[in-house]
There are 2 protein chains.
Amino acid sequence: MPQVAERQKPKRATTERRTHRLIGSKTPMATGTLGKALAVLDIIAQAPVPLRFTDVLRQSDQPRGTLHRQISHLVEEGLVTVNADHSYTPGIRLLKLAARAWSQNSIRSIAEPHIRALHEHTGETVHLGILNDLEVIYVDKIESRQSVRMHSQVGNASPLYCTGIGKAMLAVLPPQEASARAQRFSYRQHTPTTLASPALLLAELEIIRSTGISHDREEHEPGIRCVAASICSATEEQVAGISVTAPAYRTSKETIAEWEQLVPATAKAIEADLNDQIGPRAGQ
Amino acid sequence: MPQVAERQKPKRATTERRTHRLIGSKTPMATGTLGKALAVLDIIAQAPVPLRFTDVLRQSDQPRGTLHRQISHLVEEGLVTVNADHSYTPGIRLLKLAARAWSQNSIRSIAEPHIRALHEHTGETVHLGILNDLEVIYVDKIESRQSVRMHSQVGNASPLYCTGIGKAMLAVLPPQEASARAQRFSYRQHTPTTLASPALLLAELEIIRSTGISHDREEHEPGIRCVAASICSATEEQVAGISVTAPAYRTSKETIAEWEQLVPATAKAIEADLNDQIGPRAGQ
DNA sequence: AAATTGAGTTCCATTAAATGGAACTTCACG
DNA sequence: CGTGAAGTTCCATTTAATGGAACTCAATTT
């Protein structure tokens, strides 16, 4: 059949078209080969102890043969390391990739001098976090004393509803989006003061919206308080937040009052730098 | 055709069989879907500035349509973030994955108290690195003063031939393996003292093998010296190394002599802990 | 304003890879 | 030893990736 030029038929008759979802989709299931591989990697990475093949098999819903091949691909690529006893741990190639992700992150590099200054003024631990669906991922931290546990925090994720930065970021989202996410949390009463329901959380967000300041009143860890504020670029493509954290006994009324000035001021300064950077030379 | 049980034909006639390569293969080309995706991710991650679609296209050898789909999969999975100007940066999901890889790494967690003690004794910066093909990937660092640049180092990679830890690790590999790798480096004369040829390097390795101590005599960065030693588990599945680093003006003959005792002793202590951990309860 | 260029995106027949059920191998334990 | 559980390999079938070309959109040029 030598008829060639027969491509331009519109074919738009079928109403249902696979629409692209760039935001908000709730990951119904791992999509595509890459998604499935990462689902397996997630299982291996988030386990507290190294898993063996059968352990992974139980948690994934893949057939044995399929899973075996998927894992061996992950091992080939260095994303997973296999130990002597056939257990699996995340591979160091992830560290190398993340080092780039960290150093290149524009919010982080722009915020760095500001959070350092904030640390100088307060003497307490300062965090920078980025919004990631229902979590805040901490991308930087400046700690007072020891550098102990420095890394244990960077890269870690916490739920939005019980952290100062998390609530601050939720509060700057469009209200409908914020309440949609509020419904999706798996609430846990970490402490007596945790806001462990959508209603409590949404009421708190109202207050945060009006003041521009978010408080963590020992809602995540007993004895730990913080003052936070959100950062969002003009285009709203990325939302972040900063906080000053301290043990409760060190947070007098006067100290908190001072932080309530410093933290939002720092957040606004970072926002300004961020927009300066994006505006003039977007293509650079 | 209802004949069913017809599976056990040996079919071993074909001599060429796809042999598994678990070690040593020189990554001739990205294999499989996952490998291709990671090749693209590598391009995006290792660029000093965010790349646009066409920039990535130039560096990868994929057709436009293919590359476009590959990148959108990476974006869907959160491994890559797309900026307002259509440029790409590595995504924060990598940070989250790496945090697990870091905290779970057994060598790192076992070595931590030891390198901390080493830092206490010397007062200088201490590194822990892991062997990764032709590179050392730094997985931990304890620094004297500022926590500045703390993270810029963890996850970073350096060539084996011009670093103290790198040479120490090369020296404990089987000699044939060490010389094979020595041929594969792209040597660069970072400083006047860099050992920038296989011959020079292999001679140095002989010395390191006999003493168990590796020196970096300003071979990577001018004015920076270090003393290093290797760590390898009994099963030799993983090879690592530690080092004490300082500016040259602070490294007197006596200081170096002291480190030449401390560093190998610490390395041996870590080795012992490592084997204790692996031996008794391998399946845990 | 119309034409041109270049970047980014979508489409779909072809092709390559992933799938998964079952057979096979290896090891630990009673 | 045998017995079972864990790990590995195989291959016909199914599914997803491929890549060339057409298409869209915006910025420049004529």
Side-chain angles (χ1 to χ4, degrees), chain A residues 1-14 17-22 29-40 50-77 80 82-88 282-283, chain B residues 1-14 17-20 22 29-40 50-58 60-77 80 82-88 281-284:
Chain A
M1 39 311 255
Q3 291 105 326
V4 184
E6 185 74 35
R7 282 285 307 285
Q8 287 85 337
K9 45 184 171 182
K11 211 178 194 178
R12 308 257 165 166
T14 56
R17 297 187 63 77
R18 194 156 30 133
T19 52
H20 284 262
R21 36 314 200 4
L22 292 175
M29 194 58 56
T31 319
T33 308
L34 180 62
K36 291 169 199 165
L38 285 170
V40 174
L51 300 179
R52 289 181 323 235
F53 180 80
T54 317
D55 304 321
V56 182
L57 181 61
R58 249 188 295 277
Q59 292 191 46
S60 89
D61 52 354
Q62 304 274 299
R64 290 222 302 286
T66 302
L67 181 66
H68 189 267
R69 183 180 31 72
Q70 285 169 338
I71 292 182
S72 44
H73 284 164
L74 289 170
V75 171
E76 270 177 43
E77 292 301 330
V80 164
V82 45
N83 307 320
D85 62 336
H86 289 171
S87 66
Y88 301 109
Chain B
M1 32 319 249
Q3 290 104 328
V4 184
E6 186 76 33
R7 283 281 309 283
Q8 287 83 339
K9 48 185 172 184
K11 209 178 196 176
R12 310 256 164 167
T14 54
R17 299 188 61 75
R18 193 156 32 132
T19 52
H20 284 262
L22 292 175
M29 193 59 56
T31 318
T33 309
L34 181 63
K36 291 170 199 165
L38 285 170
V40 174
L51 300 179
R52 290 182 321 234
F53 179 80
T54 316
D55 303 322
V56 182
L57 181 61
R58 250 188 294 277
S60 89
D61 52 354
Q62 305 276 298
R64 288 222 302 286
T66 300
L67 180 66
H68 189 267
R69 185 180 31 72
Q70 285 169 339
I71 292 182
S72 44
H73 284 164
L74 289 171
V75 172
E76 270 176 44
E77 292 300 329
V80 163
V82 46
N83 306 319
D85 62 336
H86 289 172
S87 68
Y88 301 110
R281 44 189 188 120
Q284 196 65 337

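Order of the sequence lines sets the chain letters (A, B, ...), proteins ahead of strands, with each chain counted from 1.
In this structure, of D/dA16, D/dT8, C/dA7, it is D/dT8 that holds the atom nearest to the side chain of A/Phe53. The nucleotide whose nearest atom lies closest to any side-chain atom of A/Lys36 is, among C/dG8, D/dG7, C/dT19, C/dT19. Set against C/dT19, D/dT8, C/dA18, the side chain of A/Gln62 has C/dT19 as its closest nucleotide.
Note: A/Thr33 OG1 to A/His73 NE2 = 10.0 Å, rounded to the nearest 0.5 Å. Here B/Ser60 contributes atom OG and B/Leu51 contributes atom CG; the two are 11.0 Å apart, rounded to the nearest 0.5 Å. Here the CG atom belonging to A/Leu34 is positioned 7.5 Å from the CG atom belonging to B/Leu38, to the nearest 0.5 angstrom. Taking OH of B/Tyr88 as the start and CD1 of B/Ile71 as the end, the distance is 4.5 Å to the nearest 0.5 Å. One finds the CD atom of A/Gln62 at 8.5 Å from the CZ atom of A/Arg69 (value rounded to the nearest 0.5 Å).
Between A/Asp85 atom CG and C/dC27 atom P there is a gap of 14 Å when expressed in whole angstrom units. Across the protein-nucleic acid pair, B/Glu76 atom CD and D/dA16 atom C1' stand 13 Å apart, rounded to whole Å. Distance B/His86 NE2 to D/dC25 C1': 11 Å, rounded to the nearest Å. Rounded to whole angstrom, the span from the NE2 atom of B/His73 across to the C1' atom of C/dA17 amounts to 14 Å. One interatomic measurement links the two molecules: CG of A/Leu57 to P of D/dT8, which rounds to 12 Å at whole-angstrom precision. Counting to the nearest Å, the P atom of D/dA27 and the CZ atom of B/Arg52 are 13 Å from each other.
For A/Thr33 and D/dT15, the shortest distance from a side-chain N or O to OP1 or OP2 is not below 4.0 Å.
Listed by residue number, the members of residues 63-72 of chain B with any heavy atom below 4.0 angstrom from DNA chain D are B/Pro63, B/Arg64, B/Gly65, B/Thr66, B/Arg69, B/Gln70.
Counting heavy atoms from C-beta on, the side chains of A/Lys36 and A/Val40 never come closer than 4.5 Å. Contact annotation: the side chain of A/Asp55 approaches that of A/Arg58 to within less than 4.5 Å [non-hydrogen atoms, C-beta and beyond].
A/His68 is linked by a ring pair (Phe, Tyr, Trp, His ring centres under 6.0 Å) to A/Phe53, counting only residues two or more places apart in sequence or in another chain.
Rounded to 10 degrees, the angle between the two end axes of the helix from C/dA1-D/dT30 to C/dG30-D/dC1 is 30°, with five pairs used at each end.
Of the two residues contacting DNA chain D, namely A/Gly32 and A/Tyr88, the nearest-nucleotide position lying further toward the 5' end is that of A/Tyr88.
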